[in-house]
> 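Pasting a structure below so you can have a look.
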Protein chains: 2
Amino acid sequence: MSGKKSSLTVADVARAAKVSKATAARVLGGYGIASETARKAVLEAAETLGYQPNDLARSMSTGRSGLVGVIVGDIENAFFSQAVRGISDTLRAADLNLIISNSSERLSEEIEMVSVLLRQRVAGLIVAPTDARHLDHLKAALAAGTPVVTLDRHVPELEADAICGDDRESVGRVLRRLHEVGHRQIAYVTAMETTDGKLGKLEDIGISAVRERITGFLTHMREAGVEKPANLVFVGATGDDETSLVVTRILERSPPITAILASDSLIGARIFRELSDRGLKLPQEMSLVSWFDADWTRVTSPRICVVDQPTYRFGQEAAERLIARLKGDASPPQVFVIPTPLLERGSIGAARSD
Amino acid sequence: MSGKKSSLTVADVARAAKVSKATAARVLGGYGIASETARKAVLEAAETLGYQPNDLARSMSTGRSGLVGVIVGDIENAFFSQAVRGISDTLRAADLNLIISNSSERLSEEIEMVSVLLRQRVAGLIVAPTDARHLDHLKAALAAGTPVVTLDRHVPELEADAICGDDRESVGRVLRRLHEVGHRQIAYVTAMETTDGKLGKLEDIGISAVRERITGFLTHMREAGVEKPANLVFVGATGDDETSLVVTRILERSPPITAILASDSLIGARIFRELSDRGLKLPQEMSLVSWFDADWTRVTSPRICVVDQPTYRFGQEAAERLIARLKGDASPPQVFVIPTPLLERGSIGAARSD
DNA sequence: TTGTAAGCGTTATCAT
DNA sequence: ATGATAACGCTTACAA
């Protein structure tokens, strides 16, 4: 009852239809030409036998594989899973499938996964590169003729299309808004880890989206007359405990910090919980803005103001670019910047009088 | 600069290493035997040439493919993306990769995806079957010798291992708790669609997890002396508007409904928003319990009591079962029931006096 | 231990 | 329009 029946081949169908293997293959593969009679005979034979083509073999001889590799930082994160959905929907419409891998935002894993995917001879790669300073593996993919599209991140040195948000500008929008209602001491909190817990050189930030946003933050804050904005960037908010520590440091600051920007929605949620655990009232005692319009930001009171990153669209665009490349588009690599508007909600209030 | 260099083969390496193709293949494939000298020569040649094996070809000749197909209802839903993460982590440890597909909870898409994945000759399949009454495609997979594991759902008629929660019991736990604090009129809300908006025959519920929970609900409610518990099951909460309608109907009921169970975390979030939009106070005016410990349930006030479905573990177990099958385990199919404990939080309060 | 040669299931070339 | 037949890149008897 549990048959490991080594599936049927075109040869079997050909035999049943009393034509040559070549003719059967032409009909089944939908290429070349065949007479109506032959076509009918073959299709009928295939039907009754229950023939299922072997895409492995097909890819072997054609050289192209119908599989696209996707490497994200963390599929559990709605930011990425939503993007993956966009990718998936778009790819399917082009008859492509998707092999998915998690880098856990670790370079070593990303390298490993690229290698695995290349071995599988994927038709193309969509990657959220973990570290803009290590690109050999991605360059190797390109050199092997496998198109690459970067997702959410842009690496100029790579000959690849990129889909990303307007990170630097989005920070500007947030800060302008906060400035309008009187905020001056504003904290930026990110998960990024540094050796000493302090913000280092900007060039050392491997994830371009993070680098862009912090750069924007520093620029705009300086323009607004804040002395040492780097002191307002808090790094290392990687988990609950670390974030708790960061919040403590923020609350101890003098002059008092009146608003917090959370670099992503995981951090945002943690910060929100910390603040409400400590009994702080939003937005009277603290304003909060997070990146990504996650579910949780709409059930809090007040609801949380967010920078809306339409990641489903990120995914769509990425897949579309890749498909274009697969179809032969050989134009120079482009960066597609997707607007990430500020969604105003109750978590921004007037700054406390200092 | 953009080379479509048709990658190197074992033959190229063999030539460079001055050995036969077979010897090179043996070394590179890590099978058979080779002298130390040969081994060194081959590896060195492979290294300097930059040889990358072709897994497609390998699968072709060995018959096994190193790829596992996963079909979920909606990768955007944290319930599934978390499970996928569990699957991914576990598979990787066994040197397997994962092709992922979305069924959008539609049978037709599921059938299509199974077919695509079988064509790709995946080694195995992990599926959250959309409809327990249509199994031909999954049976075909089994017949072709491809092991199948069902995720979150169990279909007895299928010769496949199943990983699922203790759905029926979990409803019991929830209801018992609610009963203790005085609730009698309790609503169960699900996304499931029916033709007339009413609950039909239980056997017609295609998703086993939903069927089990509703069955449990009806049984326990009856045991608690509620007359027509079916009237307390609200179906069709598929989107924001539909859920709004359901909530209206719930609030209009007499005798008044004092507690709501949300069949999944998307519905739970929608219901919560509806309730707070209407100014109802949790838990004084309404109690709420949701399935799945989603992020949003921990940032509301009060926090939402949930039935904790450890879906990462669901995924892990599913992958482990599949790996066991791939290794040749031929024992009869088993159902692995994973406990889904009730996490008590502030959203349960004493029932209003009626 | 090593090499020769025959597959795996397609596609693709070239006569017929 | 159709049919032999040779690839594709690997594994795997079987021989040497």
Side-chain angles (χ1 to χ4, degrees), chain A residues 4-43 45-46 49-67 116 118-123 144-145, chain B residues 4-43 45-46 49-67 116 118-123 144-145:
Chain A
K4 192 145 294 183
K5 47 172 67 172
S6 54
S7 48
L8 301 152
T9 75
V10 282
D12 298 314
V13 177
R15 204 170 307 123
K18 296 190 206 309
V19 298
S20 76
K21 212 177 71 173
T23 303
R26 279 190 278 256
V27 174
L28 295 170
Y31 59 92
I33 18 183
S35 68
E36 200 44 49
T37 38
R39 157 167 276 96
K40 260 180 67 181
V42 170
L43 289 178
L49 291 182
Y51 167 78
Q52 287 290 107
N54 182 333
D55 277 352
L56 241 51
R58 183 169 294 178
S59 307
M60 263 284 301
S61 30
T62 60
R64 45 183 165 276
S65 92
L67 253 34
V116 168
L118 287 181
R119 276 207 271 281
Q120 300 280 359
R121 295 299 187 263
V122 292
Chain B
K4 190 145 297 185
K5 47 173 68 174
S6 54
S7 48
L8 302 153
T9 75
V10 281
D12 299 313
V13 177
R15 205 171 306 123
K18 296 190 206 307
V19 296
S20 77
K21 214 176 71 172
T23 304
R26 279 189 277 255
V27 174
L28 295 170
Y31 56 90
I33 18 183
S35 66
E36 201 45 49
T37 37
R39 158 166 275 99
K40 260 179 68 180
V42 170
L43 289 177
L49 291 182
Y51 168 79
Q52 288 289 108
N54 182 333
D55 276 353
L56 242 50
R58 183 168 294 177
S59 307
M60 263 287 299
S61 36
T62 59
R64 45 183 164 275
S65 95
L67 252 36
V116 168
L118 287 181
R119 277 206 271 282
Q120 299 281 359
R121 297 297 188 264
V122 292

> Roughly, in whole Å, what's the span from CG in L56(B) to P in dG9(D)?
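Computing the L56(B):CG to dG9(D):P distance gives 11 Å.
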
> Considering the terminal five base pairs at each end of the helix from dT1(C)-dA16(D) to dT16(C)-dA1(D), what angle separates the two local helix axes, rounded to 10°?
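One end axis against the other gives 40°.
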
> Nearest of dT10(C), dG3(D), dT11(D) to any side-chain atom of T23(A)?
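That would be dG3(D).
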
> Going by heavy atoms in the side chains, are Y51(A) and L28(A) under 4.5 Å from each other?
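The answer is yes; the side chains approach within 4.5 Å.
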
> Roughly how many Å is it from OH in Y31(B) to P in dA13(D), rounded to a whole number?
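Interatomic distance, OH of Y31(B) to P of dA13(D): 11 Å.
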
> What is the distance, to the nearest angstrom, from the CG atom on N54(B) to the P atom on dA7(D)?
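Those two atoms, CG and P, are 18 Å apart.
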
> Going by heavy atoms in the side chains, are L67(A) and Q120(B) under 4.5 Å from each other?
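Touching, per the 4.5 Å side-chain cut-off.
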
> From the set dG3(D), dT10(C), dC10(D), return the single nucleotide nearest to any side-chain atom of T9(A).
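For the T9(A) side chain, the nearest candidate turns out to be dT10(C).
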
> Atom CG of D12(B) to atom P of dG9(D): distance rounded to whole Å?
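Computing the D12(B):CG to dG9(D):P distance gives 9 Å.
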
> Working to the nearest 0.5 Å, report the span between CE of M60(A) and CZ of R58(B).
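Atom-to-atom, M60(A):CE and R58(B):CZ are 12.5 Å apart.
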
> Going from OG on S7(B) to CG on L49(B), what distance comes out if it is rounded to the nearest 0.5 angstrom?
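It is 12.0 Å, given to the nearest 0.5 Å.
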
> Just how far is it from atom OG1 of T9(B) to atom CZ of R15(B), taken to the nearest 0.5 Å?
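Rounded to the nearest 0.5 Å, the OG1-CZ separation comes to 6.5 Å.
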
> Quick check on DNA chain C: between I33(B) and R64(A), whose nearest nucleotide comes earlier from the 5' end?
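On the 5' side of the pair lies I33(B).
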
> Whether the side chain of R121(A) and the base of dG9(D) hold a donor-acceptor pair under 3.5 Å is what I'd like checked.
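For R121(A), whose side chain was compared with the base of dG9(D), there is no donor-acceptor pair (under 3.5 Å).
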
> With no hydrogens and no angle check, is any side-chain donor or acceptor of N54(B) less than 3.5 Å from a backbone partner on A57(B)?
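Between the backbone of A57(B) and the side chain of N54(B) there is a qualifying donor-acceptor contact (under 3.5 Å).
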
> Can you identify which nucleotide, out of dG9(D), dG3(D), dT11(C), has its nearest atom closest to the K21(A) side chain?
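It is dT11(C).
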
> Reckon A22(A) touches a base, only the sugar-phosphate, or nothing at all at heavy-atom distances under 4.0 Å?
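Base contact.
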
> Should R121(A) and D55(B) count as side-chain neighbours, where that means a heavy-atom distance under 4.5 Å?
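No; the side chains remain at least 4.5 Å from each other.
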
> Rounded to whole Å, please give me the gap between CG in L28(B) and P in dT11(D).
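One finds 8 Å between P of dT11(D) and CG of L28(B), rounded.
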
> Is any side-chain nitrogen or oxygen of S35(B) closer than 4.0 Å to OP1 or OP2 of dT2(C)?
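Affirmative; the distance criterion is met.
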
> Atom CD of E36(B) and atom P of dT2(C): how far apart are they, to the nearest Å?
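About 10 Å, once rounded to whole Å.
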
> Which nucleotide wins on minimum distance to the side chain of R58(A), given the candidates dT4(C), dT11(C), dA1(D)?
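Closest nucleotide among those given: dT11(C).
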
> Looking at S61(B) and dT11(D), is any side-chain donor or acceptor paired with a base atom of the opposite kind under 3.5 Å?
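No such pair is found, so the answer is no.
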
> In whole angstroms, how far is the C1' atom of dT10(C) from the CD atom of Q120(B)?
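In whole Å, dT10(C) C1' and Q120(B) CD are 13 Å from each other.
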
> Among dT2(C), dG9(C), dT11(D), which nucleotide has an atom closest to any side-chain atom of A38(B)?
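Of the options given, the side chain of A38(B) lies nearest dT2(C).
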
> Name the nucleic acid region contacted by A34(A), choosing base, sugar-phosphate or nothing; use a 4.0 angstrom heavy-atom cut-off, strictly under.
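Sugar-phosphate, no base atom in range.
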
> Rounding to a whole Å, what distance do you find between M60(B):CE and dA6(C):C1'?
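So the two atoms are 13 Å apart, to the nearest Å.
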
> Given V27(A), which of V13(A), V19(A), L43(A) fulfils the side-chain contact (heavy atoms from CB on, under 4.5 Å) condition?
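Checked V13(A), V19(A), L43(A) against V27(A); only one passes side-chain contact (heavy atoms from CB on, under 4.5 Å): L43(A).
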
